[in-house]
Visitor: 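Next up is a structure, given as structure tokens.
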Number of protein chains: 2
Amino acid sequence: MSDDEKGGAGAAWRSLGDFIRSQRELANLSMRQLAEIAKISNPYLSQVERGLYKPSADVLKNIANALHMSAETMYAQAGLLDDSPDRDESHHGVEHAVKLDPLLTVDQKETIIRIYRSFLGRE
Amino acid sequence: MSDDEKGGAGAAWRSLGDFIRSQRELANLSMRQLAEIAKISNPYLSQVERGLYKPSADVLKNIANALHMSAETMYAQAGLLDDSPDRDESHHGVEHAVKLDPLLTVDQKETIIRIYRSFLGRE
DNA sequence: TGCTTGCGCTAAGTATACCAAGCACATGCT
DNA sequence: AGCATGTGCTTGGTATACTTAGCGCAAGCA
């Protein structure tokens with residue numbers, strides 16, 4: 001279904017472009033598809049994902065909408081929102097969210113967390 | 001794009017420029033003072049307040065900080081925040097946290113999300 | 001074997017966000 | 001009268017966001 005992530009382990013995105021690219025691949029969209037929805041040209045999206053250009057907030061909003069995510073999340077990733085100092089930084093969002101999920105059983109939670117930790121390479 | 005934002009029901013400000021100008025005057029700051037604090041040139045601030053240019057999110061954030069207001073408020077006034085998010089229940093917890101995790105690869109995220117959905121019974 | 005269609009990327013140009021220098025008019029001081 | 005210093009604004013240029021045309025490659029199909 002989806003192509004392999006080249007380069008292997010370590011998906012920590014160094015920039016906004018990496019973030020957008022990972023979100024786009026997660027949504028199984030090609031560059032031209034996402035560019036069409038976000039109303040930008042596909043070469044420009046290419047440059048943005050490669051970190052060559054930093055898109056304006058308007059474009060950022062369109063991309064966020066196209067990826068079904070809130071504009072705030074996008075702006076936060078772009079570093080445009082960091083004036084509010086009080087951010088409730090729960091360290092591991094995944095484990096926290098899993099533990100709080102009301103639809104999972106205890107065993108299912110343990111399974112997911114175990115898989116998650118194995119992916120991170122720590123026991 | 002839309003240069004005339006009409007139809008804003010009850011909007012006290014015709015445009016973003018008017019909003020900034022009123023906030024600046026409310027803070028008893030001259031253009032040069034605000035421009036200095038916001039790290040932009042005063043002619044540019046003049047153009048912005050007169051609605052000739054639409055500032056980037058970066059500048060918007062600086063102006064908001066200089067006026068001691070949150071960047072979100074500024075973005076909302078600039079019309080950069082009014083996305084229409086579908087109220088998808090998958091956005092709430094686990095899937096959202098997984099997608100935003102910076103340490104997982106795209107494939108790992110897809111794996112975890114697939115397991116999570118299978119646990120919920122909705123493939 | 002070719003033709004088509006999809007992909008991401010490059011190159012070159014246009015539009016616009018943004019800055020430095022300076023204008024025109026006020027006010028205050030001597 | 002002069003000369004400072006303040007205000008907002010205009011002009012001309014530079015940096016950068018963004019687009020249109022097209023390249024090279026891989027996969028499907030005649």
Side-chain angles (χ1 to χ4, degrees), chain A residues 1-7 11 13-67 71 74-75 77-80, chain B residues 1-5 13-67 71 74-75 77-80 105-107:
Chain A
M1 38 199 71
S2 97
D3 43 311
D4 276 22
E5 174 78 7
K6 70 194 73 162
W13 41 70
R14 307 159 310 222
S15 65
L16 173 70
D18 292 334
F19 174 72
I20 293 178
R21 172 158 295 187
S22 68
Q23 296 301 305
R24 175 176 63 82
E25 289 173 347
L26 215 59
N28 279 314
L29 288 171
S30 73
M31 280 190 161
R32 283 182 167 84
Q33 287 174 327
L34 177 57
E36 165 98 336
I37 303 174
K39 297 185 215 80
I40 59 177
S41 64
N42 60 84
Y44 181 56
L45 179 59
S46 172
Q47 319 269 40
V48 165
E49 288 190 354
R50 292 166 65 78
L52 293 172
Y53 294 129
K54 129 189 142 156
S56 72
D58 200 51
V59 167
L60 233 38
K61 188 191 77 169
N62 285 337
I63 295 177
N65 283 341
L67 290 172
M74 213 63 184
Y75 294 155
Q77 262 298 320
L80 293 168
Chain B
M1 310 301 187
S2 66
D3 50 358
D4 193 5
E5 195 65 31
W13 323 110
R14 286 191 5 222
S15 66
L16 174 69
D18 291 336
F19 175 72
I20 293 178
R21 172 159 296 188
S22 67
Q23 294 301 307
R24 176 177 64 81
E25 290 172 346
L26 217 60
N28 280 317
L29 289 172
S30 72
M31 280 190 161
R32 283 182 169 84
Q33 287 173 329
L34 177 57
E36 165 97 337
I37 303 174
K39 297 182 203 90
I40 60 177
S41 64
N42 58 86
Y44 181 57
L45 179 58
S46 173
Q47 319 268 39
V48 165
E49 288 192 354
R50 291 163 63 80
L52 292 172
Y53 293 132
K54 127 190 140 157
S56 72
D58 200 51
V59 167
L60 234 39
K61 188 191 76 170
N62 286 336
I63 294 177
N65 283 342
L67 291 172
M74 213 60 184
Y75 293 156
Q77 262 296 323
L80 293 168
T105 69
V106 171
D107 299 282

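Here is how names work: the chains are called A, B, and so on, in the same order as the sequence lines, proteins then strands, and each is numbered from 1.
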Visitor: Take atom CE of B/Met31 and atom C1' of C/dC18, then tell me their distance rounded to the nearest Å.
Guide: 15 Å

Visitor: How long is the line joining CD1 of B/Ile40 and C1' of D/dT16, in whole Å?
Guide: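 The answer, rounded to whole Å, is 17 Å.
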
Visitor: Whole Å only: how far is the CD atom of A/Glu49 from the P atom of D/dC18?
Guide: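 The answer, rounded to whole Å, is 15 Å.
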
Visitor: Under a 4.5 Å cut-off applied to non-hydrogen side-chain atoms, are A/Leu60 and A/Leu80 in contact?
Guide: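 A side-chain contact under 4.5 Å exists here.
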
Visitor: Exactly one of B/Ile40, B/Leu45, B/Asn42 should register a side-chain contact (heavy atoms from CB on, under 4.5 Å) with B/Leu34. Which one does?
Guide: B/Leu45

Visitor: Let me know the distance between CD of B/Glu36 and P of D/dG6, rounded to the nearest Å.
Guide: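 So the CD-P distance, B/Glu36 to D/dG6, works out to 12 Å.
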
Visitor: Taking atom P of D/dA15 as reference, at what distance in whole Å does atom CG of B/Asp58 sit?
Guide: 18 Å

Visitor: Would you say B/Arg50 and B/Arg21 make side-chain contact, with heavy atoms under 4.5 Å?
Guide: yes

Visitor: If only side-chain N and O atoms of A/Ser46 are considered, is one of them under 4.0 Å from the OP1 or OP2 phosphate oxygen of C/dT10?
Guide: no

Visitor: May I ask you to verify if any side-chain N or O of A/Ser41 is less than 4.0 angstrom from the OP1 or OP2 atom of D/dC18?
Guide: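 For D/dC18, OP1/OP2 do not have a side-chain N/O of A/Ser41 under 4.0 Å.
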
Visitor: Quick one: the side chain of A/Arg32 and the base of C/dG8, do they pair up donor-acceptor inside 3.5 Å?
Guide: yes

Visitor: Whole Å only: how far is the CD atom of A/Gln47 from the C1' atom of D/dA17?
Guide: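 To the nearest whole Å, that distance equals 11 Å.
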
Visitor: Kindly determine whether B/Arg32 and B/Glu36 satisfy side chain to side chain contact (heavy atoms under 4.5 Å, CB included), including the steps that lead there.
Guide: CA-CA 6 Å; B/Arg32 283 182 169 84; B/Glu36 165 97 337; over 6 Å; no

Visitor: May I ask you to verify if any side-chain N or O of A/Arg24 is less than 4.0 angstrom from the OP1 or OP2 atom of C/dC7?
Guide: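 No.
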
Visitor: Does a nitrogen or oxygen in the side chain of B/Ser30 sit under 4.0 Å from OP1 or OP2 of D/dG6?
Guide: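 Answer no for this pair, as no side-chain N or O of B/Ser30 is under 4.0 Å from OP1 or OP2.
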
Visitor: Quick check for you: among D/dC9, C/dG8, C/dC18, whose closest atom lies nearest to any side-chain atom of B/Pro43?
Guide: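 Closest nucleotide to the B/Pro43 side chain: D/dC9.
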
Visitor: Are there any protein N/O atoms within less than 3.5 Å of an N/O atom in nucleotides 13-16 of chain C, and if so, which ones and at what distance?
Guide:
none

Visitor: Can you check whether B/Lys61 reaches B/Met74 side chain to side chain, under 4.5 Å on heavy atoms?
Guide: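 The answer is no; the side chains never approach within 4.5 Å.
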
Visitor: Between atom CG in B/Leu52 and atom P in D/dT11, what is the gap in whole Å?
Guide: 11 Å

Visitor: Looking at C/dC7, does its base get a donor-acceptor pair with the side chain of A/Asn42 below 3.5 Å?
Guide: no

Visitor: Take the protein atom CZ of B/Arg50 and the nucleotide atom C1' of D/dC9, then report the distance between them rounded to whole Å.
Guide: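 For the pair B/Arg50 CZ and D/dC9 C1', the rounded distance is 7 Å.
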
Visitor: Can you name the nearest heavy-atom pair linking A/Ser41 to A/Ala35, along with the distance?
Guide: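 The pair with the smallest heavy-atom distance is C-CB, 3.8 Å.
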
